[in-house]
Each structure stands twice: as structure tokens, then as C-alpha cells.
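Count residues from 1 along the sequence.
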Amino acid sequence: MREPRFWARDVDPKSREAAPLLRVLLTPLAWVYADATRRRLKRTQPVRISAHVICVGNLTAGGVGKSPVVAALRERIAQSYGSRTATLSRGYKGKLKGPLKVDLSIHDASDVGDEPLMLAASGEAWIGADRAAAGIAMSADGVEVIIMDDGHQNPGLHKDCSLIVVDSEAGFGNGFVIPKGPLREPALVGLKRADALMLMGDSAPPIEITESALPIVRGTIVAKARPPNHPYVAFAGIGRPEKFFDTLKSLEVDIRDAVPFADHHAFTDGDLTYLRRLATDNQARLITTEKDYARLPVDQRLDIETLPIEIQFDDLATLDKLLKDVIKPAAHGKD
């Protein structure tokens, strides 16, 4: 499902495109959604474990670049502290509920979800629908630092540090809660539980961020390498497919066509037959994201290229201070 246009930040709230009548009709449902989140957070006592827990979450539905941030933090912590560091994901759309450590030799996206599978390709990754149970299992297995991929609105596991990832271009959309807007909870409410902000991109941040006193670390998603010099048909089923297409264009890749799919789209044989026909018609090759590639059946991957990406942070001193404040006590035992 693609998010409706009236959720967007750049829509004039007085215009027809902003669907003012529909937003009025959705207001009671937004209240119910926000209240359900508030009640869940209030009534749950988070479980504390011996491993340090860093949550990388967001306040909106849709892609903001969390997974690359999670992978980058895992790598930096492992390198800087020598700690056994692993990611923890819910395992969205995977049939296995965990807790379990993702094993690329036996698991695929239908088992554990696309993001955990992608994270497992570059480090240790776990899934667990029950975050508290997963955290307990990971800590018992010897994991010292857990990077939780999403979960800012999940109170099951105590968080030593909560980082909110915000796409600077999309911001908080129209500023309303689901289904009236893209927010999972009111922005100011969610920001109060955060320790810092990871602002992706170079656009001006939402007003709620500029008024907060939270530390901000900007990050940019960059390609690790330019694809080979061929014409391509690009396709992506992520939160904002246009970001992938724009990245390719910024690299001056010859994109003959671009096909967006819904986030976490399960590609069928029919989809891939269509995409290959489109590539043939354009005398091009197929290219997609690493996340989409993880969802493709193994026998359908051979002629499809990916664009490996990474995060570049512009203020490593602030980031390292945040991490040090959380992980430093490990030398003397965690309180």
C-alpha cells in the first residue's frame, strides 16, 4: 500500500489535494490510534536486560532510512568497542516469530522478513515478534549490544538510548496521526522519549525538531559504488521508491524506466516476467535495492543487479558521544 498523497508535507493544507473533508472524517480514528499507542506505552513495564539496548525508531509510517542507520551503528560499535553487537527486528511479514538468530543458509525473506535478511548479510541479526523475549534470548546468548530496528512505540524492552530517524524532506508529513496522516503518535509526544535525532538528507527539518533540544546527527545515504555503465530498468518496493530512483539518477545512471511497488512487496513470477520484458524492450538490465533483492526468489536473482548503499554521518563526534554514554558502563558492569 502506498501512502495517500494528502499525508505529504508539501501539500497545501487548503488545497483540494489535501483532502480536507476526508481528513475531518478520519479525525476520530486518528484519536483512537494515538490513544491506543499512549495506553500501550503507559501500561507496559519494560524488561531490563544485561545487554545494552539502542533503539533506532521513527515517528512515521513508511521508509525513512532506518535499516542503513542500524547497520552503520552496528559496525561502528563493533569496531570502536569490540562488543558483540547484533540487530533485533520484528521480522515483519516473516512466518517465523522467533526469537532466533537469522541464518542466511537456512532462512529466506518469507521466514524472517526482508530487512533482517539484508542486515544478516553484513553482521549478526536476530528477529523476535516479542521484543522482550528476544532481548532476553540475545543477552543469554552473549550479545552485548542490541541495535533494535524500529520499536520506539514498543515498550516491551527497556531502551538505554532511543534514536529517532527522520527523513528531512518528508518530515512528519501533514503532522497528523494515522490514518489522518503518517504519524504513529503525535510528534512532540514521541520526541519526549527520544535521546537524539538522526536527520537524513539535507532539507530543512520539521519545526518540531528545530524547537527541540535534542542532539542532531545528520546522515546521508550514499552508494558504495556506481553500477556498471549500462542502461537500466529500475524497480523498488520500499517506503519511498522515488528515493532509490533519484539516487541512481544522481549517479548519472542511464535509467530507461522506473517501476515502483508497495513497501515490502512480495514479487511474483508475473512481476518479474513483466520487468524482464520491460528491460528487453529498453535494451536494458534490471536493478533494484538490496532490500528488494533479499525478497526475490533465489532462482530469479541471477540477472538482477543491486545498488549497495551506506550511511555517511556528518557529525561523528556527537554520534560517538551518544554511543559512549550508553556503552561505557560495560567496562564496570551495567547498572
When you compare the side chain of [Y] with that of [X], does any pair of heavy atoms fall below 4.5 Å?
| X | Y | result |
| --- | --- | --- |
| I287 | L248 | yes |
| K66 | N58 | yes |
| L163 | L73 | yes |
| I209 | L197 | yes |
| P260 | E242 | no |
| H158 | D160 | yes |
| L100 | V112 | yes |
| D292 | F267 | yes |

Using modelled atom types only, decide if a donor and an acceptor are shared between the side chain of [X] and the backbone of [Y] within a distance under 3.5 Å.
| X | Y | result |
| --- | --- | --- |
| N174 | F6 | yes |
| R184 | I178 | no |
| R226 | L251 | yes |
| D108 | D111 | yes |
| T37 | Y33 | yes |
| T44 | L41 | no |
| D315 | V217 | no |
| N282 | A284 | no |
| S168 | M200 | yes |

Looking at [Y] and [X], is there a salt bridge between them, counting it only when a charged N and a carboxylate O are closer than 4.0 Å?
| X | Y | answer |
| --- | --- | --- |
| R193 | E185 | yes |
| R256 | D254 | yes |
| R39 | D35 | yes |
| D114 | R295 | yes |

Check whether the side chains of R276 and Q300 place a donor and an acceptor atom closer than 3.5 Å, and report yes or no.
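Present: a donor and an acceptor within the cut-off.
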
For a quick test of reading the model, state the closest non-hydrogen atom pair linking [X] to [Y] and the distance between them.
| X | Y | value |
| --- | --- | --- |
| A134 | G128 | CB-CA, 3.9 Å |
| A294 | A109 | O-CB, 3.5 Å |
| L157 | P46 | C-CB, 4.0 Å |
| C161 | D195 | CA-OD2, 3.3 Å |
| T306 | T289 | CG2-O, 4.1 Å |
| I49 | G135 | CD1-O, 3.5 Å |

Which residue is it: V24, T27, L29, L22? I am looking for the one with a side-chain contact (heavy atoms from CB on, under 4.5 Å) to K180.
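By the side-chain contact (heavy atoms from CB on, under 4.5 Å) criterion, K180 pairs with just one of V24, T27, L29, L22: T27.
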
Given side chain to side chain contact (heavy atoms under 4.5 Å, CB included), test D314 with T220 step by step and report yes or no.
CA-CA 8 Å; D314 71 346; T220 305; over 6 Å; no

Are [Y] and [X] linked, directly or through intermediate hydrophobic residues, by side-chain heavy-atom contacts shorter than 4.5 Å (ILVMFWY only)?
| X | Y | answer |
| --- | --- | --- |
| I311 | L322 | yes |
| L286 | I255 | no |
| V69 | I77 | yes |
| V47 | M148 | yes |

F235-F244 aromatic ring centre distance below 6.0 Å:
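Here the rings of F244 and F235 have centres that are no less than 6.0 Å from each other.
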
Go through the steps for E305 and Y293 under the test side chain to side chain contact (heavy atoms under 4.5 Å, CB included), then give the verdict.
CA-CA 8 Å; E305 297 183 29; Y293 190 82; over 6 Å; no

Got a second to check how far [X]'s [atom1] is from [Y]'s [atom2], nearest 0.5 Å?
| X | Y | atom1 | atom2 | result |
| --- | --- | --- | --- | --- |
| T85 | H52 | OG1 | NE2 | 10.0 Å |
| I304 | L296 | CD1 | CG | 5.0 Å |
| H152 | K159 | NE2 | NZ | 7.5 Å |
| L119 | I127 | CG | CD1 | 12.0 Å |
| I147 | C55 | CD1 | SG | 10.0 Å |
| D149 | T87 | CG | OG1 | 7.0 Å |

Using side chain to side chain contact (heavy atoms under 4.5 Å, CB included), reason through E169 and K243 one step at a time and then give a plain yes or no.
CA-CA 10 Å; E169 182 179 351; K243 291 181 66 176; 5.6 Å; no

With F176 via ring pair (Phe, Tyr, Trp, His ring centres under 6.0 Å) - residues at least two apart
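So F176 forms no ring pair (Phe, Tyr, Trp, His ring centres under 6.0 Å) with any residue.
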
Go through the steps for W7 and T60 under the test side chain to side chain contact (heavy atoms under 4.5 Å, CB included), then give the verdict.
CA-CA 10 Å; W7 279 12; T60 59; over 6 Å; no

All pairs passing salt bridge (charged side-chain N to carboxylate O under 4.0 Å, His left out) where residues 8-26 contributes a residue, at least two apart:
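Checked against salt bridge (charged side-chain N to carboxylate O under 4.0 Å, His left out) - neighbours excluded - the pairs reaching residues 8-26 are R5-D10, R5-E17.
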
With sequence neighbours left out, which residue pairs that include part of residues 68-86 fulfil the salt bridge (charged side-chain N to carboxylate O under 4.0 Å, His left out) condition?
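Listed by first then second residue: R76-D320, R84-E124, R84-D141.
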
Could you go through the side chain to side chain donor-acceptor pair (under 3.5 Å) check for D271 and H265 one step at a time?
CA-CA 10 Å; D271 292 331; H265 178 75; 2.7 Å; yes

Give the C-alpha distance, both sets of side-chain angles, the deciding distance and a yes or no for side chain to side chain donor-acceptor pair (under 3.5 Å) between Y81 and E144.
CA-CA 10 Å; Y81 297 91; E144 298 169 288; over 6 Å; no

Under the criterion salt bridge (charged side-chain N to carboxylate O under 4.0 Å, His left out), I'd like the reasoning laid out for K321 against D325: C-alpha separation, chi angles, the key distance, then a yes or no.
CA-CA 6 Å; K321 183 181 185 305; D325 288 346; 3.1 Å; yes

